[in-house]
Amino acid sequence: MNTESIRLLSPELLIASLAIVVFSIDLFKPSKSSDFLGRLTSLGVFIIMIFSLWLLSGKETEIFEGILAINSYTTFFKILLMAIVIGISLISITYTKSYNINTGEYYAIILLSLVGMMLLVSARELITAYISIELMSFSLYVLVAIAKKDLKSNEAAIKYILLGAFSSGLLLYGLVLIYGISGTTSFSGIETALSSIDSNLRILLALSMIGAGFGFKLAIIPFHMWAPDVYEGAPLPITALIAIGSKIAIFALVLTLFSQTFLPKIELWKPTISIIAAITMVSGNILAIVQSNIKRMLAYSSIGQSGYMLMGIICASSLGSSGLILHMTGYAATSMLVFSSIIIIHNNVLSDQIQDYAGIAKRNPLAAICITASLFSLAGLPFFAGFTTKFYLFAATAKEDMLWLAGIAATASVISLYYYLRVIKEMYVSDPISSTKIYTTKTLSTFVLIMLAATIFIGLYPEPIVDIIDTAVASYIFN
Amino acid sequence: MEFLDNNILLLIILLPSVGSLFLLFFKDNDPIYTRNYAMVIAFIGLILGIYLFSVALSDKTLEVFSTSIAWLPSLGINLNLSVSGPTSTLVLLNAVIFFSSVLVSRNLEIRPNHFFFWLMLLVGGVYGVFLSQDLFFFFFFYELAVVPMYLLIAVWGSSSDFVSFIRTKEYGAMKLTLYLVAGSILVWVGILALWVEGAENLGKFTMDMNILINANYDRDFQLIFFPFFMIGFGILAGLWPFHTWSPDGHVAAPTAVSMLHAGVLMKLGAFGILQIGILLLPEGAIYWAPLFMGLGIVNVLYGSVSALAQQDLKYVIGYSSVSHMGYVLLGLAALNPTGFNGAILQMVSHGIMTALFFALVGFIYGQTHTRDIQVLEGLAKRMPLAAGFFTVAGLTSLGLPGLSGFVAELLIFIGLFQSSPLIAILAIIGAAITAIYILRLVSKVFFGPVDVQWENLRDFSKIETLPILILTLCIVVIGLFPWPMMTVINSGIEQFIIRVSGV
């Protein structure tokens, strides 16, 4: 262990210390907690984000004898995840008040899950990866249950913990098998070992276990059952954290694993994952049609999005990986936009039923426009991020001779447009239930506008981000 | 001047699409101010359109207008804009219809600023499709033109309510959007295929149509993928049997949107078939031409027969659009210069004519609050001007010499005779059926005894006549002096002919 390793790990260490600071403030000065802790968390993470940009940019190395990687790929994801957590803490401020959530624990645990996500992204070794996943997941289990008095939140948490533990078990079993086959836990060691081993059956077993484990975490059909309940029961900002943060972090790891470590055995996993991707995007979007609760609808829509993202894994090419990362970046901005606008409405209406969105356009035009923009973006309509990122991702898929899959994905996008339009119709066409205006805090409306700008920016001028992503991909997984 | 020339195409697209964003900051309840703003934007667009057209007319090269902006080089996407003879005509068409549709939109009650926001976004998309030379941006603008339709119809539209036949505006809006977006899946897949195959043949990624022309797509590829464009774009062009969204959507839409939608948006479909399908996949076009022609003739006949049976005034116009778009598709399917010329002229002629129809129907509906043909009677007594203009539009529709429809349909018939005389004869029969339903409609609704309940109707005021007059003038001028427009259109047809005959 050397000082350089610790220096390069300092972003994670700082975030963890920030978590302890938040805990202690809550412990010793509980009166200060409500708004203050949310601001402190977002400001703290923001400063750490700037610091990590300065510290990590241009670094290409491995630390702690190859346990963690530091390069522009991991840095990109770390910055993205920190930005997401800043957003999550900002939109939590009003929300936590209305649910009497103990903010000290709330923000500290969010920070701990962020540490898990950041370690996950740079893991180069199975045990580290597993521990990071668990750190992230355990934090999320607690966060889902954090609205103590809310029965739905409790129910969702139990479901999440049980299924999460089960999936971790599957994952661990798969990792053990891989260790048994290759005799090492390091990613590069496994890669070398896999390319020289012929017995496919054991590898297939291990890969299916690992696939199922990740499938649960990413809510990929047929392992998606927990997602709608958890999305519905969890406090809204936590739903956003699960849908955006954890999904991006796990995909970042899955992308490194499948386009590097497991690449020698691509013929084993590519056909299966292609079919699973197709099933996930189509049925996720079809199941979303019948939902009457917007959180459940977004849960199924996010399952569908996981299906699109799997295409980036299957491509196993640098173009596909760039497409996946670009799509995830756009998805992050879009989803932050939709969740923060929904929080604006939820803070007033205290309901997530789609029918309660009737006439929102009259009561709060900003929220209505933002939800419309984000849903259009999720459906992949132009002007917004979704169109450009999907086009990129689908083009990369078509490039790898999988035009059929791109076609299915495009069809799934149209299905999704149908239920998004129903929400939009509710907001614009139906008559409002009450005529009272919906108020927002300045923080929330500023944040929403910034996310709207980000969504449009990625949609209209993606080149700067694509450049960064291309370098990131070239520096790590396809060099 | 040089700076303007270099950026004029970008300006034409950005003016409405970016200009629309400012409308979001306007007050909700200020229809006059909002409308004036939209009118200024539309008017500048019209001037730019006329300028482009006049340059095209004056034999000068149109290449000075081409611009190219690098956008995403790693996929070979650049914003390439350029204009040719036919596209300058279509840009002018869009400008004229946009301007007159803004003039027509006088009675907006709900959030006029949002209405014009979506409307201008749509118009920007249409300009973009006509001017883009890049597959990505073609598709981008194509979708951009479709997106606003849902809200425009669902919020500002009107439902049809006959006791036996109810169609809500939400239904029409949803049907239209899903059909069009479903069509664009095929287009999307087709574009990706062109791009991948082009990259293999050319050795580099590019979405530029002018480069992809040289990609030498092999015959099997062309045969497989031409139908993607034929049907995908065909849905927007109202191709039978995928046309049913069109009457439902047009009827539910507010007047200005019906005008733009039937007037220009449906043309995007036909233009897409020409610009991507026929230009990039000529062998596929030749192989599939018989089927394409067959569907086109069904369009003509089925559309006009359906129009005969309608009870709602707007549905008659809706089905007549289906039938007239059939002529455009037939002209394209003929795959010869006369046919192409006729098809593009028919796009212009039908665009203006149908916009005129919808403007008049909107005016009548605004006063009578019904579109039921059974109920409307003898309106000419109270609305002589409206009756006169409606008759002109009707006569254009059935192809009376001296009006624009005649020239266009004549060219299409000649083009068809060269490739398939049987189809040409059937197409002429279609024109005869058009005469039946149009004349019946005009005599029933406008002439004949006046019903007492229509005693209090008023005719156009001076200011209301302006948009109607503009559209009517266009019809008459094109009908009497078709040569300027014909020269301009013909100047850009050659590239398609070379592709089709070079196979």
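Every chain is numbered from 1 and lettered A, B, ... according to where its sequence line falls, protein lines coming before strand lines. What's counted below: heavy atoms across the whole structure, side chains too, no hydrogens, waters or symmetry copies.
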Which region of Phe140(B), side chain (C-beta onward) or backbone (N, CA, C, O), has a non-hydrogen atom less than 4.5 Å from a non-hydrogen atom of chain A, or is it both or neither?
-> both
Go through the atoms of Phe391(A) and report whether side chain, backbone, both or neither lie under 4.5 Å from a heavy atom of chain B.
-> both
Heavy-atom distances under 4.5 Å only: say whether Trp71(B) touches chain A with side chain, backbone, both or neither.
-> both
Closest-packed option against chain A by number of heavy-atom pairs under 4.5 Å, given Val189(B), Leu151(B), Val146(B), Val147(B) = Val147(B)
Under 3.5 Å, is there a donor-acceptor pair between the side chain of Tyr308(A) and the main chain of Ala410(A)?
-> no
If only atom types and distance count, is the side chain of Gln222(B) paired as donor or acceptor with the main-chain N or O of Gly284(B) below 3.5 Å?
-> yes
Do you know which of His114(B), Met174(B), Glu200(B) has the most heavy-atom pairs under 4.5 Å to chain A?
-> Met174(B)
The single option from Phe138(B), Phe242(B), Phe226(B) passing ring-ring contact (aromatic ring centres under 6.0 Å, His included) against Phe233(B) | Phe138(B)
Tyr420(A) ring center near Tyr150(B) ring center (under 6.0 Å) | no
Could you have a look at Leu403(A), Leu381(A), Leu421(A) and say which one has the most heavy-atom pairs with chain B under 4.5 angstrom?
-> Leu421(A)
Between Ser377(A) and Tyr331(A): side-chain donor-acceptor atoms closer than 3.5 Å | no
Which portion of Glu170(B) sits near chain A, non-hydrogen atoms under 4.5 angstrom | side chain
State, without any angle test, whether Asn80(B) and Asp208(B) hold a side-chain donor-acceptor pair at a distance under 3.5 Å.
-> yes
Under a 4.5 Å heavy-atom cut-off, does chain A meet the side chain of Phe205(B), its backbone, both or neither?
-> side chain
Contact class of Asp470(A) relative to chain B, heavy atoms under 4.5 angstrom = side chain
Cut-off 3.5 Å, side chains only: do Tyr142(B) and Ser132(B) have a donor facing an acceptor?
-> no
Give, as side chain, backbone, both or neither, the part of Leu75(B) having an atom under 4.5 angstrom from any heavy atom of chain A.
-> side chain
Looking only at Tyr461(A), Trp404(A), Tyr428(A), most heavy-atom pairs under 4.5 Å shared with chain B are made by Tyr428(A)
Quick one: OG on Ser322(A) to CD1 on Ile469(A), what's the gap to the nearest 0.5 Å?
-> 7.0 Å
Indicate whether any N or O donor in one side chain lies under 3.5 Å from an N or O acceptor in the other, for Tyr33(B) and Asn113(B).
-> no
Could you check which of Ser184(B), Gly125(B), Pro73(B) has the highest count of heavy-atom pairs closer than 4.5 Å to chain A?
-> Pro73(B)
Chain A contact via Leu186(B) - side chain, backbone, both or neither, heavy atoms under 4.5 Å | neither
Turns out that what part of Leu460(A) lies under 4.5 Å from chain B's heavy atoms comes down to both
